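Below is one structure; the comments refer to it alone.
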Amino acid sequence: RGARVVLVDDTEIRAIVVADWLRQMGWDASVLEGGEGAWPALADLAPPEPRAARGIAALPRLDASVLRGMDAPLLDLRYSMAFRAGHLAGARWANRARLDRALEALGDARDCVLVADDETLAGLFARDLAAHGVAVVGLLDGGQEEWREAGLEVVASPGDPSDAEAIDHLFFVATRHDGDLDAARRYIEWEMGLVDAIDAEERAGFRIRRA
């Protein structure tokens with residue numbers, strides 16, 4: 001939050017509008033002069049730091065077939081609704097914001113295997129776990145078809161994680177475009193209540209110009 005952001009577009013119009021709003025929200029936003037046409041001049045800029053330089057572990061990739069001979073618990077970091085739709089039998093859904101629940105699910109286990117769509121997220125989660133003495137054996141490759149082909153059981157769990165636990169999914173937002181008027185009303189109420197949901201310190205980060 002509050003990071004330096006450079007916006008680029010093809011017309012230098014949309015980027016300017018968005019940068020103006022971001023500045024009012026406390027971000028150090030600028031627009032790349034020349035838009036997309038200026039990209040060639042940036043070719044010699046240093047590339048982003050590798051994950052290792054940012055303290056993010058590079059996890060070994062595991063073929064699904066090796067899980068049959070492993071006792072390590074399995075933590076699934078994917079989107080909660082994807083987990084509900086299908087995951088490996090015995091896997092537990094986990095979220096970085098609820099690390100305490102993941103540690104509780106691991107119990108006395110000192111190592112585990114991760115399932116994730118985002119390798120960087122998995123690396124960050126592994127770093128969090130390491131701080132609590134839990135090592136990540138590796139990151140599982142493939143998807144449901146590959147898992148089944150490896151002889152692993154894939155199961156659905158419509159109620160796991162529960163609606164309360166699925167903090168990465170706003171149910172009233174997801175259904176408001178499907179003719180659910182109650183969900184649409186809840187969305188408007190939520191949106192109009194955003195200002196009241198932040199405290200004075202958070203409000204101080206905004207620089208709203210008064211007309």
Side-chain angles (χ1 to χ4, degrees), residues 1 3 5 45-178 180 183 187:
R1 177 174 172 80
V5 180
L45 288 181
E49 287 183 315
R51 290 197 307 272
R54 291 178 277 148
I56 305 175
L59 300 174
R61 309 292 296 217
L62 299 178
D63 185 86
S65 60
V66 307
L67 288 187
R68 288 178 297 182
M70 298 177 64
D71 295 325
L74 193 61
L75 294 180
D76 195 323
L77 311 183
R78 295 175 303 145
Y79 180 46
S80 58
M81 296 301 107
F83 182 90
R84 282 186 177 187
H87 58 270
L88 288 172
R92 299 293 297 271
W93 184 72
N95 185 285
R96 281 192 76 204
R98 298 288 171 84
L99 182 64
D100 57 331
R101 297 191 182 189
L103 293 170
E104 183 180 345
L106 289 173
D108 296 329
R110 294 294 89 189
D111 57 20
C112 66
V113 173
L114 299 181
V115 177
D117 294 326
D118 186 326
E119 188 173 355
T120 298
L121 170 62
L124 289 167
F125 199 87
R127 186 179 67 182
D128 295 343
L129 291 174
H132 292 270
V134 178
V136 173
V137 177
L139 179 62
L140 183 64
D141 264 335
Q144 293 187 36
E145 290 305 315
E146 291 88 344
W147 300 343
R148 289 190 179 95
E149 290 176 4
L152 301 174
E153 182 183 4
V154 177
V155 298
S157 57
D160 179 24
S162 68
D163 289 0
E165 291 174 321
I167 60 173
D168 62 343
H169 181 80
L170 285 177
F171 291 89
F172 63 86
V173 173
T175 59
R176 67 190 175 96
H177 295 299
D178 299 328
D180 189 334
Y187 175 80

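Just so we're clear, the structure is a prediction, and the values are computed from it rather than from any experiment.
Annotation: the span from Arg127 atom CZ to His132 atom NE2 amounts to 12.0 Å, rounded to 0.5 Å. The line from CD of Glu146 to CG of Asp63 is 9.5 Å long, rounded to the nearest 0.5 Å. How far CZ of Phe125 is from OG1 of Thr120: 15.0 Å, rounded to the nearest 0.5 Å. Between atom CG of residue Leu129 and atom CG of residue Leu124 there is a gap of 11.0 Å, rounded to the nearest 0.5 Å.
Checked against side chain to side chain contact (heavy atoms under 4.5 Å, CB included), Ala116 has the following partners two or more places apart in sequence or in another chain: Leu77, Ala122, Leu139.
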Salt bridge (charged side-chain N to carboxylate O under 4.0 Å, His left out), that's the test. Do Glu145 and Arg148 meet it? Break it down for me. CA-CA 5 Å; Glu145 290 305 315; Arg148 289 190 179 95; 3.4 Å; yes

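Here the closest heavy-atom approach between residue Leu140 and residue Ala64 is recorded as CD1-CA, 3.6 Å. The two residues Tyr79 and Asp168 have their closest heavy-atom pair at CD1-OD2, 3.2 Å. Among all heavy-atom pairs drawn from Glu153 and Val155, the shortest one is OE2-CG1, 3.4 Å. Considering all non-hydrogen atoms of both residues, Leu59 and Gly123 come closest at CD1-N, 4.1 Å. Contact record, Ala72 with Asp111: CB-OD1, 3.9 Å, taken as the closest heavy-atom pair. Contact detail for Cys112 and Leu114: the closest heavy-atom pair is SG-CD2, 4.1 Å.
Residues Val136 and Leu75 fail the side-chain proximity criterion, which asks for heavy atoms closer than 4.5 Å.
At most 12 non-hydrogen atoms from other residues, nucleotides or ligands lie less than 6.0 angstrom from CG of Asp71.
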Expected list for residues 83-99: side-chain donor-acceptor pairs under 3.5 angstrom, two or more places apart:
residue: Arg84; atom: NE; partner: Pro158; partner atom: O; Å: 3.2
residue: Arg84; atom: NE; partner: Pro161; partner atom: O; Å: 3.0
residue: Arg84; atom: NH1; partner: Pro158; partner atom: O; Å: 3.3
residue: Arg84; atom: NH2; partner: Pro161; partner atom: O; Å: 2.8
residue: Arg84; atom: NH2; partner: Asp163; partner atom: OD1; Å: 2.6
residue: His87; atom: ND1; partner: Phe83; partner atom: O; Å: 2.7
residue: Trp93; atom: NE1; partner: Arg78; partner atom: O; Å: 2.8
residue: Asn95; atom: OD1; partner: Ala97; partner atom: N; Å: 2.8
residue: Arg96; atom: NE; partner: Asp128; partner atom: OD2; Å: 2.7
residue: Arg96; atom: NH2; partner: Asp128; partner atom: OD1; Å: 3.4
residue: Arg96; atom: NH2; partner: Asp128; partner atom: OD2; Å: 3.1

